Protein chains: 2
Amino acid sequence: MTTLRDVARHAGVSIGSVSTVINNTAPVSPALRAKVLLAIDELGYVPDAVARSLKMGRTRTIGLILPDITNPHFAAIAGAIEIACDAAGYSLLLCNTMDNPTKELRDLRLMRTQRVDGVILVPGVGDGDYIGELNRAVSVPIVLIDRTLPGLDFDAVVLDNRAASHGLVDYFVRSGHRRIGIVIGPPGISIAKQRLEGYLQALADHDIDVEPAYIAHGGFQPEPDYHATAGLLALRRRPTAIMSTSYHTTIGVMKALLDKGFRCPNDISVAGIDDFVWATAFSPKMTVMAQPIADMARHAAQRLFGRISGAITGPAEVLVSPPTLLVRESTRPLVD
Amino acid sequence: MTTLRDVARHAGVSIGSVSTVINNTAPVSPALRAKVLLAIDELGYVPDAVARSLKMGRTRTIGLILPDITNPHFAAIAGAIEIACDAAGYSLLLCNTMDNPTKELRDLRLMRTQRVDGVILVPGVGDGDYIGELNRAVSVPIVLIDRTLPGLDFDAVVLDNRAASHGLVDYFVRSGHRRIGIVIGPPGISIAKQRLEGYLQALADHDIDVEPAYIAHGGFQPEPDYHATAGLLALRRRPTAIMSTSYHTTIGVMKALLDKGFRCPNDISVAGIDDFVWATAFSPKMTVMAQPIADMARHAAQRLFGRISGAITGPAEVLVSPPTLLVRESTRPLVD
DNA sequence: TAGCGTCTCTGAAACGTTTCGGAGCAACTT
DNA sequence: AAGTTGCTCCGAAACGTTTCAGAGACGCTA
């Protein structure tokens with residue numbers, strides 16, 4: 001590995017001068033610059049970010065901690081953040097928690113030892129203990145995305161989850177449905193809680209009594225949500241419409257319908273939260289509440305960069321993004 | 001940020017002793033250990049990986065460069081590699097090339113300045129220039145995954161692409177099809193080339209003449225592959241079966257069928273390469289050649305770790321993994 | 001008692017940068 | 001002619017670790 005010293009020696013100048021040329025942090029004579037550039041080229045010198053980070057006290061790296069990169073929803077977040085990082089000159093350290101609190105804590109600590117300049121975090125189900133650890137664990141700016149945490153003032157950018165499920169219920173009701181089921185995730189996760197609240201509020205707004213059996217708890221995973229849906233379908237008076245509350249949930253729901261022999265939308269209407277490229281490639285094309293996921297991720301990244309640079313100060317802000325209803329073919333008006 | 005020095009001072013011992021305790025790299029008295037551990041705890045000291053990396057000459061970080069994390073196929077790779085890294089005590093630096101050679105080169109260089117210990121790379125369409133740069137750009141072990149590069153001896157783990165498309169054609173022929181179309185990606189990418197070869201070879205093996213019009217070139221992206229498929233469907237004597245050669249391609253193909261009013265498999269059979277969770281959640285459930293993607297990724301990671309540690313030496317090896325045919329409902333025997 | 005291992009621990013050098021006080025020199029001002 | 005200013009460039013300190021030669025203390029043997 002060739003170092004600054006090698007370049008300096010080869011060019012016959014001082015180490016400091018080479019550094020100045022590389023970062024052009026001060027005016028230098030054309031002659032010096034030429035000599036240095038030539039030496040760099042001849043030796044194939046590449047600066048050492050590790051040494052640089054040590055000296056500068058910052059790594060130009062941010063950490064991204066999310067539950068599961070395999071989930072297209074989080075992959076979309078990761079993709080948008082990577083682009084933002086690239087544009088801003090940051091590197092990206094990726095961690096997958098698998099919704100495992102222990103792993104999440106480990107990842108958080110990793111961020112600390114790795115001295116990242118900031119963290120973008122999709123928090124999992126953290127108990128009080130976890131939140132304390134979180135506050136302690138990281139001494140750099142954090143911005144939350146997608147999910148949020150109670151009693152924590154971090155910058156955050158999230159979907160208007162209540163509006164999303166409220167809107168879905170509204171749409172169902174407008175189409176004549178009144179027996180509306182929901183497949184929802186674990187209540188420990190903020191979005192599950194909020195999406196359920198939106199559902200309940202919407203029913204109340206439409207003067208529809210809540211039927212507890214219509215609320216099926218899954219796990220935001222295809223498998224448990226499949227079974228949750230199966231439960232809904234086995235009901236004597238089953239719902240005429242089901243709302244799915246996440247990408248993975250939608251897979252579970254649709255799989256259950258297919259396996260149990262229900263046609264969608266003929267026998268039952270389904271709408272979900274989260275859009276995806278293949279939502280229009282198969283039958284039925286899915287009616288969904290789409291979230292501006294790329295924008296949200298971009299915004300989270302910008303906010304983090306602002307915090308890091310000090311351009312943004314002041315109290316934490318949470319940006320709530322509005323969802324968009326995309327009516328397609330998995331839903332239809334209820335005709336008696 | 002509290003340092004080793006702070007801990008040492010607080011515990012009333014030398015810096016070196018603290019280091020030895022932390023890494024227990026030499027025997028120390030119980031008393032010393034206790035004092036140090038207490039001080040670490042009281043000060044909330046966290047070791048600085050940057051300084052450590054500088055001193056040790058390695059970062060315990062590997063780089064992952066792939067075309068598009070948003071593509072579930074690559075996301076699956078990333079997920080499996082993250083798990084392997086976590087288990088082996090490595091951090092993961094993620095880069096998205098978007099199949100842009102310029103960006104890919106930039107990412108490669110980033111790996112070098114970041115002093116990662118190794119790189120796992122899904123190479124894009126690189127010309128000769130690129131390969132030279134690649135060799136020069138990185139001085140650490142590289143292992144290729146998914147795609148490969150001509151005239152480059154890096155460790156690699158790839159699918160048996162010829163067998164995958166050959167097997168798909170075999171299956172179609174066994175089902176009575178003889179007019180078999182293919183939607184294929186850009187020939188610059190190794191897997192596109194190999195998958196096309198498998199297709200051609202299989203046709204030859206079955207004594208079926210190649211119909212050039214049945215070979216539709218897309219881009220391994222939903223959009224161009226949609227149009228490529230539309231071209232196939234507009235043929236006077238259109239294929240009775242279409243094989244899709246990637247995840248994104250399958251989306252394009254199925255979307256085209258849906259939009260153009262063809263029912264699958266009734267009007268036309270479709271089978272693809274790459275399985276995905278939602279392949280069984282919608283209609284039709286897709287017949288696919290699945291690849292053992294998680295195993296492949298794990299293997300790539302292990303191979304890289306072995307190269308880094310020096311446990312693996314010798315010439316580059318490429319591991320070719322066999323695909324598995326999963327017959328579902330997007331294909332059916334041809335009845336005349 | 002002197003010499004010698006053994007066991008702990010200390011202190012300093014080194015990793016590759018950035019940064020900054022100051023040296024050297026030429027061109028001005030007075 | 002002496003002093004001042006401005007422009008380049010140099011050299012060394014510092015960032016937080018790891019590592020290693022060696023200092024001290026202790027118990028043993030001869």
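A note on names: the letters A, B, ... follow the listed sequences, proteins ahead of strands, and every chain is numbered from 1. Please read these numbers as outputs of a predicted model, since none were measured by experiment.
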Test: side-chain hydrogen bond (donor to acceptor under 3.5 Å, both in side chains). Region: residues 303-320 of chain B. Which pairs qualify, not counting sequence neighbours?
D155(B)-R303(B), D155(B)-R307(B)
Name all residues meeting the side chain to side chain donor-acceptor pair (under 3.5 Å) criterion together with Q114(B); count only those two or more places apart in sequence or in a different chain, and write none if there are none.
S91(A)
Rounded to whole angstrom units, what separation is found between the CZ atom of R9(A) and the P atom of dC9(D)?
20 Å
With sequence neighbours excluded, tell me which residues meet side-chain contact (heavy atoms from CB on, under 4.5 Å) with L159(A).
N161(A), A164(A), R195(A), I273(A), Q291(A), P292(A), M296(A), P323(A)
For K55(B) and dA12(C), give me the distance from atom NZ to atom P, rounded to whole Å.
15 Å
Presence of R52(A) side-chain N/O under 4.0 Å of dG16(C) phosphate oxygens OP1/OP2
no
Which one, dG16(C), dC9(D), dT18(C), comes nearest to the side chain of L32(A)?
dC9(D)
According to salt bridge (Lys or Arg N to Asp or Glu O under 4.0 Å), does anything in residues 72-94 of chain A pair up with another residue at least two apart or in another chain? List the pairs.
E82(A)-K103(B), D86(A)-R106(B)
Side-chain donor-acceptor pairs under 3.5 Å in residues 115-125 of chain B, sequence neighbours left out?
from: R115(B); atom 1: NE; to: D48(A); atom 2: OD2; distance (Å): 3.4
from: R115(B); atom 1: NH1; to: P47(A); atom 2: O; distance (Å): 3.4
from: R115(B); atom 1: NH1; to: R112(B); atom 2: O; distance (Å): 2.8
from: R115(B); atom 1: NH2; to: V46(A); atom 2: O; distance (Å): 3.2
from: D117(B); atom 1: OD1; to: T59(B); atom 2: N; distance (Å): 3.0
from: D117(B); atom 1: OD1; to: T59(B); atom 2: OG1; distance (Å): 3.3
from: D117(B); atom 1: OD2; to: T59(B); atom 2: N; distance (Å): 3.4
from: D117(B); atom 1: OD2; to: R60(B); atom 2: N; distance (Å): 2.6

Gap between atoms CE and C1', on M56(B) and dG16(C) respectively (whole Å):
16 Å
The side chain of T3(A) lies closest to which of these nucleotides: dG16(C), dT18(D), dT18(C)?
dG16(C)
Checking N96(A) side chain against G79(B) main chain: does a donor-acceptor pair fall under 3.5 Å?
no
For DNA chain D, determine which residues of residues 16-31 of chain B have any heavy atom closer than 4.0 angstrom to one of its atoms, and list them numerically.
G16(B), S19(B), N23(B)
Which whole-number value in Å describes the distance from R33(A) CZ to dC9(D) P?
10 Å
Enumerate the ring-ring contact (aromatic ring centres under 6.0 Å, His included) contacts for residues 52-108 of chain A, please, sequence neighbours excluded, ordered by first and then second residue.
Y90(A)-F305(A)
Atom-pair distance (CG on L4(A); C1' on dT18(C)), nearest Å:
9 Å
I15(A) atom CD1 is separated from dT8(D) atom P, nearest whole Å, by 22 Å
Tell me the interatomic distance from Q114(B), atom CD, to dG16(C), atom P, rounded to whole angstroms.
16 Å
Out of dC15(C), dT17(C), dC15(D), whichever nucleotide has its closest atom nearest the side chain of L54(A)
dC15(D)
Would you indicate what V50(A) reaches in the nucleic acid, counting non-hydrogen atoms under 4.0 angstrom: base, sugar-phosphate, or nothing?
nothing
Could you work out, with side chain to side chain donor-acceptor pair (under 3.5 Å) as the rule, every residue matching S17(B), not counting sequence neighbours?
S14(B)
Angle between terminal axes - the helix from dT1(C)-dA30(D) to dT30(C)-dA1(D), 5 pairs each end, rounded to 10°
70°
Can you measure K35(A) atom NZ to dC10(D) atom C1' for me and round it to whole angstrom units?
12 Å
Using a 3.5 Å distance criterion without hydrogens, assess whether the side chain of S190(A) forms a donor-acceptor pair with backbone atoms of T148(A).
yes
